[in-house]
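Below: one structure, written as structure tokens.
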Amino acid sequence: MSDFDRNYAAARRSVGADRAVAIDQGLRAYMIRIYNYMAMGVALTGVVSWFTYQAAVVTNANGAIVGMTSFGQAIFSGPAVLVLFLGTLGLVFLISWRINSLAPSTAFALFMLYAALLGLMLSSVFLTYTGASIARVFFISAASFGALSLYGYTTQRDLSAMGSFLVMGLIGLMIAMLVNLFLKSTGLDFVISAAGVLIFAGLTAWDTQKIKEMYDPMEDGTVVGRKAVMGALTLYLDFINLFLMLLRL
């Protein structure tokens, strides 16, 4: 009987170990899927931004901007900017509110549409900053994002308390940005940019931990697919905002 008990216990441990390995592999595949979706969104935004800028400006032999094409005058005008802003904002709300009823392929297509429209809207950064500055800040943002997301994935510390303060900070940041549209204070603009970097750096780690904890190995492929799109959208927004805040600095 004692031999039977030892064998049974060993078998139970083996089953538990196998289950833990299966869950770990499933979580790893789930996170890789999210990062791949996010990377595709960032790449699409960058490509659309660059080609939009190229189609919008007229340059001389030295590469200096000497004017705008008719497309550029239209895309960078007030009404077009407002339409793009409202369109991208509406898509974010649509994906977030309807994610539980959307097919994963539809949710992913809407995410890609959002990334493309945001690329149109962000093409104006090429009018303000040099290509070298944009490339340098992009790689700094990518390295920072990778380190922060890795921390959020691996840390055993519960970041939920920090997340509450970050959300409040984000709301305060948005209010300050609206106020500065009228004040046009360079000092306040610097404070906003510095605070924005800290807020989105913290959100990257917090969101990564939250996305990791949302994984459930018992859910079917449809639910996991929806969660993957939402996770990718969340991390995409963290990265884009971190990049923009660093660029402002």
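- Inter-residue side-chain proximity for L235 and F145 is flagged as met; some heavy-atom pair is nearer than 4.5 Å.
- Hydrophobic clustering keeps V191 apart from F200 (ILVMFWY residues linked when any side-chain heavy atoms are closer than 4.5 Å, directly or through intermediates).
- For M168, the CE atom sits in a packed shell: over 12 heavy atoms of surrounding residues, nucleotides or ligands are nearer than 6.0 Å.
- Residues T45 and Y236 bring a donor and an acceptor atom of their side chains to less than 3.5 Å of each other.
- Summarising the geometry, atom CG belonging to L242 is positioned 10.5 Å from atom CD1 belonging to I140; distances are rounded to the nearest 0.5 Å.
- Ring geometry for Y53 versus W50: interplanar angle of 30 to 60°, hence tilted.
- Q209 places a side-chain N or O within 3.5 Å of a backbone atom of L159 that can act as its donor or acceptor partner.
- The shortest heavy-atom contact between V197 and M245 is CG2-CB, 3.7 Å.
- The heavy-atom pair separating L249 from S193 by the smallest distance is CD2-CB, 3.5 Å.
- For F190, the CZ atom is loosely surrounded, since the number of other residues' heavy atoms within 6.0 Å does not exceed 12.
- Counting only heavy atoms from C-beta outward, the side chains of F71 and T52 approach each other to under 4.5 Å.
- Other residues, nucleotides and ligands contribute more than 12 heavy atoms inside 6.0 Å of the OH atom of Y153.
- By the criterion of side-chain heavy atoms lying less than 4.5 angstrom apart, applied directly or through intervening Ile, Leu, Val, Met, Phe, Trp or Tyr residues, V223 is not grouped with V229; the two fall into different hydrophobic clusters.
- Listed for the S101 side chain is a donor-acceptor partner under 3.5 Å among the backbone atoms of R98.
- Among all heavy-atom pairs drawn from V224 and E219, the shortest one is CG2-O, 4.0 Å.
- Counting only heavy atoms from C-beta outward, the side chains of W206 and L203 approach each other to under 4.5 Å.
- A heavy-atom distance below 4.5 Å is found between the side chains of L86 and L82.
- Within the 3.5 Å criterion, the main-chain N or O of S185 finds a donor-acceptor partner in the side chain of N180.
- With hydrophobic clusters built from ILVMFWY side chains whose heavy atoms lie under 4.5 angstrom apart, L198 does not share a cluster with I192.
- Cluster membership for L166 and I211, using ILVMFWY side-chain heavy atoms within less than 4.5 angstrom, is shared.
- Closest heavy-atom contact between A56 and I75: CB-CG2, 4.5 Å.
- Using cut-offs of 30° and 60° on the angle between ring planes, the pair Y215 and Y30 is tilted.
- No side-chain donor-acceptor contact under 3.5 Å links N241 to the backbone of L244.
- Across P104 and T222, no two heavy atoms sit closer than the pair CG-O, 3.5 Å.
- Contact record, M31 with K212: SD-CA, 4.2 Å, taken as the closest heavy-atom pair.
- Cluster membership for W97 and L233, using ILVMFWY side-chain heavy atoms within less than 4.5 angstrom, is shared.
- Atom-to-atom distance recorded for D238:CG and T208:OG1 is 7.5 Å, nearest 0.5 angstrom.
- Of the inter-residue distances, the one linking K227 atom NZ with D216 atom CG reads 6.0 Å to the nearest 0.5 angstrom.
- At least one donor-acceptor pair closer than 3.5 Å links the side chain of T88 to the backbone N or O of L84.
- A distance of 10.5 Å separates OG of S96 from CG of L91, quoted to the nearest 0.5 Å.
- For the atom pair CD1 of I175 and CE of M177, the computed distance is 12.0 Å after rounding to the nearest 0.5 Å.
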Could you go through residues 108-132 and list every donor-acceptor pair under 3.5 Å that involves a side-chain atom there, pairing it with any protein atom two or more places apart or in another chain?
from : atom 1 : to   : atom 2 : distance (Å)
S123 : OG     : L120 : O      : 2.7
T130 : OG1    : S133 : N      : 3.2
T130 : OG1    : S133 : OG     : 2.9

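- Separation of atoms CG (L178) and CG (L173) is listed at 10.0 Å; rounding is to 0.5 Å.
- Under 3.5 Å, the side chains of S149 and T204 contain no donor-acceptor pair of N or O atoms.
- Looking at M38 and T234, their side chains never come closer than 4.5 Å, going by heavy atoms from C-beta outward.
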